[in-house]
Colleague: 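Would you mind keeping the following structure in view while I ask a few things?
Order of the sequence lines fixes the chain letters, A, B, ..., with proteins taken first and strands second; residue numbering starts at 1 for each chain.
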4 protein chains.
Amino acid sequence: MPSIPQARKQPSQARSRHAVAAILEAAARILARDGYAGMTTNKVAELAGVAIGSLYQYFPNKQALVAALHRRHGEETLAVVEATLRRGAALSPRRQLAELVSAVLALHQRELGLHRVLEREWPAFDEPPPSNPQDAALRGCVAAWLDGIGVGADRAEVLLRMADSLIHGLLLDAEPPPDLAQLISDALAGFLGLPAEN
Amino acid sequence: MPSIPQARKQPSQARSRHAVAAILEAAARILARDGYAGMTTNKVAELAGVAIGSLYQYFPNKQALVAALHRRHGEETLAVVEATLRRGAALSPRRQLAELVSAVLALHQRELGLHRVLEREWPAFDEPPPSNPQDAALRGCVAAWLDGIGVGADRAEVLLRMADSLIHGLLLDAEPPPDLAQLISDALAGFLGLPAEN
Amino acid sequence: MPSIPQARKQPSQARSRHAVAAILEAAARILARDGYAGMTTNKVAELAGVAIGSLYQYFPNKQALVAALHRRHGEETLAVVEATLRRGAALSPRRQLAELVSAVLALHQRELGLHRVLEREWPAFDEPPPSNPQDAALRGCVAAWLDGIGVGADRAEVLLRMADSLIHGLLLDAEPPPDLAQLISDALAGFLGLPAEN
Amino acid sequence: MPSIPQARKQPSQARSRHAVAAILEAAARILARDGYAGMTTNKVAELAGVAIGSLYQYFPNKQALVAALHRRHGEETLAVVEATLRRGAALSPRRQLAELVSAVLALHQRELGLHRVLEREWPAFDEPPPSNPQDAALRGCVAAWLDGIGVGADRAEVLLRMADSLIHGLLLDAEPPPDLAQLISDALAGFLGLPAEN
DNA sequence: GATGAATGAGTTTTCATTCAT
DNA sequence: TATGAATGAAAACTCATTCAT
């Protein structure tokens, strides 16, 4: 199996940029609703309002479509994390953590079904989801923050995974508890050894 | 025509029990290796050494196969949790938690790939993974324990989800950190508000 | 591109042996009529009266179907050549050659369209049509004959190719000349240096 | 609205002549490499460096492209044959034949893969390869020659086919014998009844 | 019960051709 | 005229499931 492919052709004209966006949007919607196996390229093209051939002009195959959604998700997360850290620079570490969890949680809440599939069903492709550039950037960003608050920067990787796991694992529950952000940041604080605020 | 005499011979229950076990084993192996989409009932039957028709004699369809694996996993987890709690009754809550995490982690390490798929790729079937009896039993068991150590029993559900998410999310990493049990129980203790042991 | 594949499964039961024969027959007919590009596996299955899935149970892909026809043709040719040489052992070399040409020509005349395609359209597969066992056997058979009549056995290969080329090239003409066998054996005799019979 | 002035500028015929040449060249290359089925009009246009739309401006469809290549090949062959006969007018018939074979063989050797496909894969279109004007001219030319050397002019057609078949059949071998021209002209001489030269 | 050949709807993907710009 | 995005019919192939033996 070839590894996960990139986009086939850079959309240059306005019309095609629109087509690509429509395709991604449709793919997200169907993926969220029907899962990876239930998502057919024909359904995606139809919902996007383009011909199936056009879809294949921009994405060489089904996997590439999902990979693109994944990438998009990574970019959004990175942006949110950076913004939150910048905004909360003056807060206590514990509170910064809480802000981060809230922000990322909010991001996920926007497209719940999609993220569920993206995380859970990222099909058993050859390898672990490729650590793309955004992942690295995110890790770097968090590592710097940890370093700044006196926690070993080497915990960045695990922290991120924990956060991801907890967010997805709990958010996707039938009835996620209302104080989810609180619960999760408690757990992460426990892991980081940050003292509770009185 | 006279009706055919009912049963020529009491069908050996042993044989069919063996077939079911072989099928489940094969399904587990293939599911772990190829993911849900890559698991075909024919491949399962072949690896199990039974005819495809026989597979369908025991499992009405592909989903049922995966559901059975899920159930089996739930049963194993319940057994491990009960045993650990029984064995560690005299320990401090914090240490009991650590024991629990270690035990369940060990269980998962045995069939890593399988659990990844079981958790991540439980396909977007019509409904969320059915809350089977074992799940309820497990929840009850943990609730009782929490109650006993002075933590609200209502946290059982979330605790279980957290544990599950963390175990799967971290264990499946390319290079899971060596002190994984420690990290996870720190996080869970943080969530439960258990004081660190000095 | 993978090299030309073999049959996927040996038909064992009577029913399936029949299916394989029907598929090959249908493939031959359609290939002869529509050429390689015009031959679709679905058309073949339909004409054969089997489901498309059954076709793929015995032939892993379209190429394998054509390869099987090729093989069959090679076997028939070998049989005809052996029989003719056996029958004509007492004749003069020049006359033996004439007999051979006639016999093979007759074989080709039976399924004209098919052989046209088999020879002309054997698509640009990776390599020259694989020298299968029958080819080798045929070469050996002809080499022995050449040796027996005092012509270098090393001409067998070229002789066979010449014969093949001439038969296909001329037979497939819109109006092949009536004395085709004569013309071709004249040419081959010229190549072999066999004196004309008065 | 006033009608748009007809032609802003006489479209450079040079440019389009160049485009046609580039397209044919690209088609030849791809056809040789990938066969008829593997040749797509889009690939051809890309390799030729023109837009797919432009290709369709000069050639109404894919077949027309291949037909044009065929025609080109016919023209080259005709030219070579005429030149050879002119140059060798003083030679003996047997030697003239040898010269002809050598010359045409050389022509084919230049673009081996292309001719293979042109001859072998001329797809089972509705009709046999259209007997274009060049074919007729070639036939006439050869007929005249045969007449001049005292062989029935009616053998021109068969002679040409034989030559073609032998050249393609043998040249395309994995290891064509070194004395190919000799072998082929022996065979053709045998067919024409030309005496061997001592 | 056990077998495995047969089924065929459904999937992914290609590519000749068109046509708005 | 040139462009190249868009089209969509059609092709190869898969696989869950059935059912005659």
Colleague: With the side chain of A:Ser54 defined as its heavy atoms from C-beta on, choose the nearest nucleotide among E:dT7, F:dT3, F:dA6.
Modeller: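 Within the option list, the nearest is F:dA6.
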
Colleague: Ignoring the backbone of A:Tyr56, work out which of F:dA6, E:dT14, F:dT3 is nearest its side chain.
Modeller: E:dT14

Colleague: So which heavy atom on C:Ala37 is nearest to which on C:Lys62, and how close?
Modeller: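 Between these two residues, the closest heavy atoms are O-NZ, 4.2 Å.
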
Colleague: How many whole angstroms separate atom CG of D:Leu65 from atom P of E:dC15?
Modeller: 15 Å

Colleague: Provide, to the nearest angstrom, the distance between the NE2 atom belonging to D:His18 and the C1' atom belonging to F:dT1.
Modeller: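 Whole-Å distance recorded here is 17 Å.
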
Colleague: For F:dA20, what is the paired nucleotide under Watson-Crick or G-U wobble rules, both distances under 3.5 Å?
Modeller: E:dT3

Colleague: Expressed in angstrom and rounded to an integer, what is the separation of A:Tyr58 atom OH from E:dT13 atom P?
Modeller: 18 Å

Colleague: Can you tell me how far apart CD1 (C:Ile23) and CD (C:Gln57) are? Round to the nearest 0.5 Å.
Modeller: 9.5 Å

Colleague: In terms of the nearest nucleotide of DNA chain F, which residue is placed more toward the 5' end: B:Asn61 or A:Ala51?
Modeller: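 Final value for this comparison: A:Ala51.
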
Colleague: Between atom CG in D:Leu55 and atom C1' in E:dT18, what is the gap in whole Å?
Modeller: 13 Å

Colleague: Round to the nearest Å and state the distance from D:Gln63 atom CD to E:dT17 atom C1'.
Modeller: 14 Å

Colleague: Under 4.0 Å, heavy atoms only, any strand: does D:Phe59 hit a base, just the sugar-phosphate, or nothing?
Modeller: nothing

Colleague: Are there any protein N/O atoms within less than 3.5 Å of an N/O atom in nucleotides 9-11 of chain E, and if so, which ones and at what distance?
Modeller:
none

Colleague: Quick check: closest heavy atoms across B:Val66 and B:Leu31, and the distance to 0.1 Å?
Modeller: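 Taking every non-hydrogen atom into account, CG1-CD2, 4.3 Å.
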
Colleague: Calculate the interatomic distance between B:Asp34 atom CG and F:dC15 atom P; express it in whole Å.
Modeller: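 Distance, rounded to whole Å: 10 Å.
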
Colleague: Using distance only, find each side-chain donor-acceptor pair of residues 39-54 of chain C under 3.5 Å and give its atom names and separation, not counting sequence neighbours.
Modeller:
residue	atom	partner	partner atom	Å
C:Thr40	OG1	C:Lys43	N	3.0
C:Thr41	OG1	C:Tyr56	OH	3.4
C:Lys43	NZ	C:Asp34	OD2	2.9
C:Lys43	NZ	C:Gly38	O	2.8

Colleague: Can you measure A:Glu46 atom CD to E:dT13 atom C1' for me and round it to whole angstrom units?
Modeller: 17 Å

Colleague: Is A:Glu25 salt-bridged to A:Arg72, going by a charged N under 4.0 Å from an acidic O?
Modeller: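 Yes, charged N to carboxylate O under 4.0 Å.
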
Colleague: For residues C:Gln63 and C:Tyr36, report the shortest heavy-atom separation together with the two atoms involved.
Modeller: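 So the minimum-distance heavy-atom pair works out to CG-OH, 3.6 Å.
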
Colleague: Send over the distance from A:Arg17 CZ to F:dA5 P, rounded to a whole Å.
Modeller: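 That distance rounds to 12 Å.
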
Colleague: Which atoms form the tightest heavy-atom contact between B:Phe59 and B:Ala68, and what is the distance?
Modeller: CE2-CB, 3.9 Å

